[in-house]
Amino acid sequence: MKNIWKKNNQYGYDFFVNGTKQGQFLDSHTNKSSTAIAMDNEEYRIVRKGFWKNRILILNQNGTEILSLTPEKWFSSSFLISYNGLNYTLKIGNNPLSEWSIYKDSELQLAYSLSVEEGKPGLKIDEPVNAPLLFHYLLWYLIEPTILEQNGQNGDFMLLTMAGISN
């Protein structure tokens, strides 16, 4: 699969899989309390909870929790994800640059990592299995500030199209 994030003319990004638009990511990391997602004719919100704002929830348009992400420990680089009655693990690391990876047991589901191509920062997406679409929005939410930090706030960064191949 070929996954691409493209900056749109509004305040966000469009997500494409094999050239087909899957949805939008809006209001990313502003002073507001949540980020909006529009996909499959549904609207979702990403919100942070807790004193340290280290618990992340994705809520549907009715306010029902769809996905939750909680740290294993308050100082941990691993998080527990609960989605559709299944448990996953999100691991943050350097490979050699920033990488956010979701695992089911020990099997990689999806990874977003910062990469450098021709001296410009970009995004490498590794998807060895067909991961839930919502995982792409979660990882984009988490890694997008790092990408913008590396290349400025204008959003004119290179998005690499090195997507994983689904089996």
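Everything numeric here is computed off the predicted structure, so don't read it as measured data.
For K21, the salt bridge (charged side-chain N to carboxylate O under 4.0 Å, His left out) partners are D14, not counting sequence neighbours. In this view, N18 and M1, K2 satisfy the side-chain contact (heavy atoms from CB on, under 4.5 Å) rule, not counting sequence neighbours. With sequence neighbours excluded, the residues that form a ring-ring contact (aromatic ring centres under 6.0 Å, His included) with Y88 are F135. The side-chain hydrogen bond (donor to acceptor under 3.5 Å, both in side chains) search around Y112 returns W5, H136, not counting sequence neighbours. Listed by chain and number, the residues in a side-chain contact (heavy atoms from CB on, under 4.5 Å) with N62 are N60, T64 (sequence neighbours excluded). Legend: residues meeting side-chain contact (heavy atoms from CB on, under 4.5 Å) with Q22, ordered by chain and number and at least two apart, are F15, V17, T20, L133, Y137.
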### Message
Walk me through whether N87 and L80 qualify under side-chain contact (heavy atoms from CB on, under 4.5 Å).
### Response
CA-CA 7 Å; N87 294 316; L80 303 174; over 6 Å; no

### Message
I'd like to know whether L114 forms a side-chain contact (heavy atoms from CB on, under 4.5 Å) with L123, so could you lay out the CA-CA distance, the side-chain angles of the two residues, the decisive distance to 0.1 Å, and finally the verdict.
### Response
CA-CA 5 Å; L114 186 64; L123 175 68; over 6 Å; no

### Query
What do the steps show when you test I58 against R45 for side-chain contact (heavy atoms from CB on, under 4.5 Å), and what is the final call?
CA-CA 6 Å; I58 298 181; R45 288 184 310 121; over 6 Å; no

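Note that CD1 of I46 and CD1 of I56 are 7.5 Å apart. Values are rounded to the nearest 0.5 Å. Rounded to the nearest 0.5 Å, atoms CG (D126) and CG (N3) are 10.5 Å apart. Atom CD of residue E127 and atom CD of residue Q109 lie 9.0 Å apart, to the nearest 0.5 angstrom. Note: L138 CG to F79 CZ = 10.0 Å, rounded to the nearest 0.5 Å. Going from atom CE of M39 over to atom CD of Q24 covers 12.5 Å, rounded to the nearest 0.5 Å. With rounding to the nearest 0.5 Å, the separation of CD in Q61 from CD in E43 is 6.0 Å.
Contact annotation: the side chain of T89 never approaches that of D105 to less than 4.5 Å [non-hydrogen atoms, C-beta and beyond]. A 4.5 Å side-chain heavy-atom check between T35 and Y141 finds at least one atom pair inside the cut-off. Put simply, the side chain of L139 does not reach to within 4.5 Å of the side chain of I125, judged on heavy atoms. At a threshold of 4.5 Å between non-hydrogen side-chain atoms, the residues W100 and L110 do not count as touching. E99 is not listed as a side-chain neighbour of I92, based on a closest heavy-atom distance of 4.5 Å or more.
No path of Ile, Leu, Val, Met, Phe, Trp and Tyr side chains, each step under 4.5 Å between heavy atoms, connects L134 with F16, placing them in separate hydrophobic clusters.
With a 4.5 Å cut-off between side-chain heavy atoms of Ile, Leu, Val, Met, Phe, Trp and Tyr, the cluster of L108 takes in Y103.
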Per-pair distances, 0.1 Å, donor-acceptor, side chain in residues 65-73, under 3.5 Å, sequence neighbours excluded:
none

